[in-house]
Amino acid sequence: MAAAAFGQLNLEEPTPVWGSRSVDCFEKLEQIGEGTYGQVYMAKEIKTGEIVALKKIRMDNEREGFPITAIREIKILKKLHHENVIQLREIVTSPGRDRDDQGRPDNNKYKGGIYMVFEYMDHDLTGLADRPGLRFTVPQIKCYMKQLLTGLHYCHVNQVLHRDIKGSNLLIDNEGNLKLADFGLARSYSNDHTGNLTNRVITLWYRPPELLLGATKYGPAIDMWSVGCIFAELLHAKPILPGKNEHEQLNKIFELCGSPDENIWPGVSKMPWYNNFKPARPLKRRVREFFRHFDRHALELLEKMLVLDPSQRISAKDALDAEYFWTDPLPCDPKSLPTYESSHEFQTKKKRQQQRQNEEAAKRQKLQHPQQQHSRLPPLQHSGQSHAAPHWPAGPNHPTNNAPPQVPAGPSHHFYGKPRGPPGPNRYPPSGNQSGGYNQSRGGYSSGSYPQQGRGAPYVAGPRGPSGGAYGVGPPNYTQGGQYGGSGGSGRGQNPMGSSRNQQYGWQQ
Amino acid sequence: MADFQTSTQRAKWIFTPQKLAERYKAANHRAVQMLEKCGTTQVEVNASGSLTYPRDKVDAGDQADKKLKPLSVDEERFMRAFYEAKVQEVCSAFEFPHKIQATALQYFKRFYLQWSVMQHHPKEIMLTCVYAACKIEENHVSAEEIGKGIKQDHHIILKYEMAVLQSLEFDLIVYAPYRAIEGFVSDMEEFLQVRGEEIQKLENLLKAATAEADKVMLTDAPLLFPPGQLALASLRIANGVLGVVDFDRYLENIVSQPNSEHTTSELTKLLGDIESLVKSYKYPSEKDMKHINRKLKSCLGHSSSHDDSKKREKRSKHKSHKSSNDTPNGAPIG
């Protein structure tokens, strides 16, 4: 226990060599995210210069002391050791205030901070996918999906449900490794467990139908639904089920996957909220129709993931055996993937907000921009098929495996390939951008210092430049549609519990 | 697979007997030094959850005539034994599963590797360990409920929680012998090809071994041996009474497994060691406790926390709190 953590150490004896170090061992560099119960910072360990991520555990308003969610996360992360699961390095503390503002000793609340220290990861999948001009290749998507499933399989084998699988919780480093993170909603389960788990888990867009219908007994299949959503999102280049509330979410699911009945999902009519939510008329399953532009094996796998009945949904293990991962083009080696400048959803979202504000200002000044449209780009097809969906920006769509992927042509994207900011009056000064500022001090973490391997360069819109400029003026077309919570609200698809969930739901299982 | 083999318990919390004795001695030594220097051993847990160590004596003249006697290592052991039994009492009163009881006991044992009972009163730590164990084992009981159930102020539990979690170094997953006992019994069923009446006998063995494991958990054995060996020892003790299986033959079968780490004689010796720990286990007499409590009281007595705790007593709704504060014998349980 560090003296600083526990205060006034009044003895000359050496500090015991156990307990937690102080957070003062780290220098906070910038905020990179908002975890399910606290902020996440990028920080540097002062002694070693190593870059880490610090996740603060919010301790206020806890009637039951140390939050159960944090306990679960610590417990689970200390148990899991896998290359596709984020590694908890240690827990550090910061001393608390002993008195409240009036100088009275405050009641039994721990005012100090507790931080979990993680290995630093450069990106999260959503942040990465939202990079303008960036398109994943098919081998790249296979590589990420394979890692996601491998990590998740490991969790499930060890009887851990993640319960919040979504892009921003899948971290990716500059060596192409993908790791599951944010186990703040995770919990252990046992097969013989009689259930009574809370159904208020998983971010809405990735929440499976059984939870939306009120199931309190569930298993690993809930995570596999989320994986299906992410898989389709990677191929489709945008979220596939962006519901605004639980009712709409279910409707969207039924419109895509058909409405459930006792034939395809035995027992569904006995689900707690089935009668409240069942559609007025039966709907046909249209997954194949919606995603007809996907290649055959991708579609086949997706069909097995987006199965309404959880007992028939494919497991992580079986998904890893799917043809998709064993046919050309094969998943690439993570190390062969390009490196990108750091991007987390938290940051890209902030940037987009800035852009919107700037754009509105520009409008007010009657300065007409060329209409910018940027949505995520569909993957590059390496297998020779090229049935791009009609609404996708037309670009050259027939690269081969080794050809550098191309930044899509066409007027709407022309400047994404340029290293510096867009034309227009409202430029962001390089110093004002989040990810650019620390490049020098980050050494190995800055994308510029990585050797460009293979098809590295063309992926990056200005690999060395401050990324703020390269993000363009035009807001992504689905950003304004309210799906992101309008003006940067609580994030993608309404986090199930929000910041107050510890009090409300903390003790539910 | 994440299991005991990859656990923090195996890596950090199982010691050699020598090392364990050293840890106890060192914890005692730190408290003794503190007493000499500061005239008290009480480390105060502040409202914030942080700790305040006592200050150096200033009014030495005033206290010079009072020679404070610290607890010895053996007296500390008695004190812990007394409260470890209380952990089991509290857990049975709440009808918690064995697993929670075992987890709470492990926490309690680990906490007092870092501290002396002279620094943190074991009554409070005992309650906090039970509370923390419930939380970790997903068995919801609020602090208030625990406090009410045993007529104690639940604020104390919450106050100590951070100190306990930190002292445990946040190593929260604990492996207990109970599941291993179940595993061995169902393995025996297969190995011995039992059927009919004999199945009932095995069930009796399971029950008896579980009770034996409760006793094993009160010794130092959980800090010295892995849970699987604790389980086998419990089974062997129980089988010694019931005579259900040919235990030596069963042990040979275990040892013949390809991944076995021990020879039969090694394993037999280890189980014997555990058994003798159970046999030599000593629970303090009332007289012992009276004496130790008096000493402990004087070690804690000059603490600055005295006023603070009085204030709390006034605020506390539970009238019994005061009388039970320093006399563990009178602590109402259940």
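Naming: A, B, ... by sequence-line order, numbering from 1 per chain.
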Quiz prompt | Under 4.5 Å from a heavy atom of chain A, the part of Leu165(B) involved | solution = side chain

Quiz item: Only one of Asp164(A), Ile222(A), Ile202(A) clears side-chain contact (heavy atoms from CB on, under 4.5 Å) with Arg207(A); which?
Solution: Ile202(A)

Quiz item: Taking only residues two or more places apart in sequence or in another chain, which ones pass ring-ring contact (aromatic ring centres under 6.0 Å, His included) with Phe118(A)?
Solution: none

Quiz item: Taking only residues two or more places apart in sequence or in another chain, which ones pass salt bridge (Lys or Arg N to Asp or Glu O under 4.0 Å) with Asp171(B)?
Solution: Lys78(A), Lys12(B)

Exercise. Could you tell me whether Lys55(A) and Glu73(A) make a salt bridge, using a distance below 4.0 angstrom between a side-chain N and a carboxylate O?
Key: yes

Exercise. Report, by ascending residue number, the residues of residues 81-90 of chain A in heavy-atom contact with chain B at a distance under 4.5 Å; give 'none' if the set is empty.
Key: His81(A)

Quiz prompt | Approximate separation, where rounding is to 0.5 Å, of Gln106(B) CD and Phe111(B) CZ | solution = 15.5 Å

Self-check item: Within residues 98-113 of chain B or reaching into it, pairs that qualify as salt bridge (Lys or Arg N to Asp or Glu O under 4.0 Å) - sequence neighbours excluded
Solution: Glu84(B)-Lys109(B), Lys99(B)-Glu137(B)

